[in-house]
Amino acid sequence: MKTSFYRLIWLLPIAFLIHVGEEFFTGYPAYAGEVSGYPMPLAMFLGSNIAFIVIMALLTRWAANSRKPSAVFWTLMWAAGHLFWNFVYHASAEIAHHRYSPGIGTGTLIYLPLSLLIWRAALAEIGRAHV
């Protein structure tokens, strides 16, 4: 039995929270300042990431409860922008800077497979809706 798209999307804010934890505990703000030349204050790191997590949770709730195509669309767009492309960013940063990019672990082990799984479930859901 396949897991419903509407159940899977609840993993999105959880994955985001785990990723931010990894970045926090492995020193992403300091890393970002070192590689960019611009400091990243902890308040900016935490504030922006907390806002992203809250938005992801609200979009997920909207999509799961309403099941409206617009809610699903915006949830998937937010997830793509903040999960899948975050993996691409961390992988590219490692290659470009020849050093560990804090966040690559969850980006690789959680974000990439979860993104692919959710998109697959979304396509299956669309297929079921049009049968």
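One is the number of the first residue; the rest follow in order along the sequence. When reading the values below, keep in mind they use all heavy atoms of this one structure, side chains included, and skip hydrogens, waters and symmetry mates.
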Query raised in the report: Listed by chain and number, what are the side-chain contact (heavy atoms from CB on, under 4.5 Å) partners of L112, not counting sequence neighbours?
Result: F84, F87, L116

Query raised in the report: Are V88 and Y100 connected, step by step, through hydrophobic side chains (Ile, Leu, Val, Met, Phe, Trp, Tyr) whose heavy atoms are closer than 4.5 Å?
Result: no

**Report entry** Exercise: identify the closest heavy-atom pair between G103 and E23
**Finding:** CA-CG, 3.9 Å

Report task. Sorted by first residue and then second, give each side chain to side chain donor-acceptor pair (under 3.5 Å) pair with at least one member in residues 71-80; sequence neighbours left out. Result -> none

Query raised in the report: Between atom CZ of F5 and atom CH2 of W119, what is the distance when rounded to the nearest 0.5 Å?
Result: 8.5 Å

Query - Distance (rounded to the nearest 0.5 Å) between L117 CG and I110 CD1 - result: 13.0 Å

Query raised in the report: If you measure from CD on E125 to OH on Y6, what distance do you get to the nearest 0.5 Å?
Result: 4.5 Å

Requested in this report: Output the distance between atom OG1 (T106) and atom NE2 (H90), rounded to the nearest 0.5 Å.
Outcome: 6.5 Å

**Report entry** Residues that Y111 engages under ring-ring contact (aromatic ring centres under 6.0 Å, His included), provided they are two or more places apart
**Finding:** H19

Query raised in the report: So if you build clusters from Ile, Leu, Val, Met, Phe, Trp, Tyr with side-chain heavy-atom gaps below 4.5 Å, do W10 and L12 land together?
Result: no

Query raised in the report: With a 4.5 Å heavy-atom cut-off, do N49 and F16 have their side chains touching?
Result: yes

Query raised in the report: Are any of the side-chain heavy atoms of L8 and L11 separated by less than 4.5 Å?
Result: yes

Query raised in the report: Taking atom CG of L114 and atom CD1 of I9, what is their separation to the nearest 0.5 Å?
Result: 11.0 Å

Query raised in the report: Would Y28 and I95 show up in the same hydrophobic cluster when neighbours are defined by side-chain heavy atoms closer than 4.5 Å?
Result: no

Report summary line: Interatomic distance, CG@L123 vs CG@L76, rounded to 0.5 Å, equals 9.0 Å

Output side-chain donor-acceptor pairs under 3.5 Å for residues 54-72, partner residues at least two apart or in another chain, one line each.
from, atom 1, to, atom 2, distance (Å)
T60, OG1, M56, O, 2.7
N65, ND2, R61, O, 3.4
S66, OG, W62, O, 2.7
S66, OG, K68, N, 3.2

Report task. Sequence neighbours left out, what passes salt bridge (Lys or Arg N to Asp or Glu O under 4.0 Å) with E94? Give chain and number order. Result -> none

Query - Nearest atoms (heavy-atom pairs only) where I104 meets A91 - result: CD1-N, 3.5 Å

Report task. For residues 30-42, pull every pair meeting side chain to side chain donor-acceptor pair (under 3.5 Å), keeping only residues two or more places apart or in separate chains. Result -> E34-R99

Query raised in the report: Heavy atoms, side chains only, cut-off 4.5 Å: are F45 and V20 in contact?
Result: yes

